[in-house]
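What follows is a set of notes on a single structure, which appears directly below.
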Amino acid sequence: MMRGFATLLLIMMTMTSCVTYHSPARQTWPTLLRGASMTDMTEMSRVAKRPVYLGAGGQLVTATENPAADYGDKIANENAAALNYMAKLEYALYDALRMPGISVQRAGTDVVVIMVRDALMELDVADISPDGDRALNIMAKILRQYDATFIEIAGYTDAMRDGAAARSLSLDMAQRVAVYLAQHKINTARMFIVGRGATRPIAAQDDIGRLTNRRVEIRLAPAR
């Protein structure tokens with residue numbers, strides 16, 4: 001009997017691990033993303049969001065890194081703490097996300113993860129693919145560990161004749177990623193979500209470059 005129970009448990013665990021992720025119904029997104037800001041993550045917007053972030057249980061880098069604030073220059077200590085924290089986050093993401101179509105880059109203090117659409121979503125359907133599920137699940141685990149960060153999730157398309165359609169499509173991609181992270185216990189008070197359409201291309205607008213320009217960029221900045 002015990003052997004039969006163990007076999008049943010193993011089958012249930014295997015079935016659970018093989019469940020395909022699908023984005024929830026669109027009408028649930030506003031509830032799931034409550035607390036997120038639908039705007040660019042600028043220095044000013046981070047300052048404005050800081051009380052909301054702290055009120056939602058967020059913490060600052062200085063609380064995590066515990067700089068020696070009583071010795072030397074306070075600002076220099078805080079900057080050193082932020083740089084050390086973000087360096088560790090960069091290495092964690094770089095080591096974990098060695099997958100086709102995904103790159104991890106440093107931009108000053110910030111860390112940027114670039115995920116091309118084909119590495120993230122189904123080819124002909126607006127939904128997270130199994131590969132995207134695996135990558136975002138790994139990212140969510142790291143972001144839960146390194147939780148003293150603000151997160152900007154920005155969607156981009158290739159060049160499209162209809163600028164409004166491009167912005168709508170890019171926002172859809174960004175929101176799907178944000179919903180996924182929210183469902184995987186990432187505090188939405190950390191999030192800024194934006195669709196930038198065909199702006200800021202990172203490759204030529206030829207057949208190959210278009211595949212790169214269709215992407216989601218996740219920018220991480222230290223919360224301080």
Side-chain angles (χ1 to χ4, degrees), residues 17-26 28-29 32-33 36 38 40-41 89-107 110-144 149 151-184 186 188 190-220:
S17 66
C18 294
V19 172
T20 301
Y21 174 83
H22 292 291
S23 297
R26 187 180 294 275
T28 67
W29 293 7
L32 289 168
L33 297 178
M38 300 296 169
D40 295 322
M41 183 177 70
L89 172 56
E90 178 190 9
Y91 297 148
L93 289 169
Y94 181 82
D95 286 342
L97 294 175
R98 295 186 182 184
M99 304 175 187
I102 300 177
S103 64
V104 179
Q105 304 176 4
R106 193 68 175 268
D110 299 351
V111 176
V112 181
V113 180
I114 300 175
M115 313 178 83
V116 302
R117 187 194 184 284
D118 288 355
L120 186 63
M121 303 188 73
E122 299 285 4
L123 292 179
D124 301 316
V125 180
D127 206 351
I128 304 296
S129 67
D131 286 343
D133 180 11
R134 185 164 66 95
L136 290 174
N137 188 44
I138 291 171
M139 178 175 289
K141 290 178 181 177
I142 295 173
L143 293 181
R144 289 197 299 269
T149 50
I151 308 167
E152 181 187 73
I153 305 168
Y156 296 87
T157 67
D158 57 350
M160 296 173 61
R161 290 185 180 180
D162 189 334
R167 287 189 294 274
S168 177
L169 179 60
S170 64
L171 180 59
D172 179 89
M173 289 193 294
Q175 288 179 319
R176 286 182 190 278
V177 171
V179 164
Y180 183 100
L181 294 178
Q183 289 183 302
H184 288 74
I186 301 302
T188 53
R190 301 167 64 184
M191 296 183 189
F192 297 82
I193 306 167
V194 63
R196 296 198 175 113
T199 63
R200 306 184 189 180
I202 58 175
Q205 296 288 8
D206 54 21
D207 289 343
I208 296 177
R210 286 176 183 274
L211 297 178
T212 303
N213 289 327
R214 301 169 193 160
R215 68 195 190 278
V216 172
E217 291 189 4
I218 301 176
R219 188 182 188 98
L220 308 167

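Everything quoted here is computed from the prediction, not taken from an experiment.
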Exercise. Can you list the steps and then say if Thr212 with Arg214 is a side chain to side chain contact (heavy atoms under 4.5 Å, CB included)?
Worked result: CA-CA 5 Å; Thr212 303; Arg214 301 169 193 160; over 6 Å; no

For this session: Just grab all the salt bridge (charged side-chain N to carboxylate O under 4.0 Å, His left out) pairs involving residues 112-129, residues at least two apart or on different chains.
Result: none

Problem set entry | With sequence neighbours excluded, residues passing salt bridge (Lys or Arg N to Asp or Glu O under 4.0 Å) with Asp40 | Arg196

Problem set entry | Qualifying residues under salt bridge (Lys or Arg N to Asp or Glu O under 4.0 Å), relative to Asp95, sequence neighbours excluded | Arg98

Exercise. Between Glu217 and Val113, is a side chain to side chain contact (heavy atoms under 4.5 Å, CB included) present by the stated rule, with each step listed?
Worked result: CA-CA 6 Å; Glu217 291 189 4; Val113 180; over 6 Å; no

For this session: Would you check if the side chain of Arg167 reaches a backbone N or O of Gly197 as a donor-acceptor pair within less than 3.5 Å?
Result: no

Exercise. Do Val216 and Val116 come close enough that some side-chain heavy atom pair is under 4.5 Å?
Worked result: no

Seminar exercise, completed: In this structure, CG of Leu169 is separated from CE of Met173 (nearest 0.5 Å) by 5.0 Å

Problem set entry | Pro24 backbone acceptor or donor facing Trp29 side chain under 3.5 Å | yes

Problem set entry | Leu93 and Leu220, any side-chain heavy atoms less than 4.5 Å apart | yes

For this session: Would you mind reporting whether Ser129 and Leu120 have side-chain heavy atoms less than 4.5 Å apart?
Result: no

Seminar exercise, completed: Residues passing the salt bridge (Lys or Arg N to Asp or Glu O under 4.0 Å) test with Arg176, sequence neighbours excluded, are Asp172

For this session: Output yes when a side-chain donor or acceptor of Ser168 lies under 3.5 Å from a complementary backbone atom of Ala164, and no otherwise.
Result: no

Exercise. Do Met121 and Met115 come within less than 4.5 Å of each other through their side chains, counting heavy atoms only?
Worked result: no

Exercise. Is there side-chain contact between Met38 and Leu33, with at least one heavy-atom pair below 4.5 Å?
Worked result: yes

Exercise. Which residues satisfy the salt bridge (Lys or Arg N to Asp or Glu O under 4.0 Å) test with Arg219, sequence neighbours excluded?
Worked result: Asp110

Exercise. Where do Thr199 and Tyr156 come nearest, in terms of heavy atoms and distance?
Worked result: O-CD2, 3.2 Å

Donor-acceptor contacts under 3.5 Å from residues 130-144 side chains, at least two apart:
unit_1: Asp133; atom_1: OD1; unit_2: Tyr180; atom_2: OH; d: 2.5
unit_1: Arg144; atom_1: NH1; unit_2: His184; atom_2: O; d: 2.7

Exercise. Does the side chain of Val177 reach to within under 4.5 Å of the side chain of Ile218, using non-hydrogen atoms?
Worked result: yes

For this session: Mark yes when over 12 heavy atoms from residues, nucleotides or ligands other than Tyr21 sit less than 6.0 Å from its OH; otherwise mark no.
Result: yes

Problem set entry | Side-chain touch Met191/Ile186, heavy atoms, less than 4.5 angstrom | yes

Exercise. Got Ile114 and Ile102 here, is their nearest side-chain heavy-atom distance under 4.5 Å?
Worked result: no

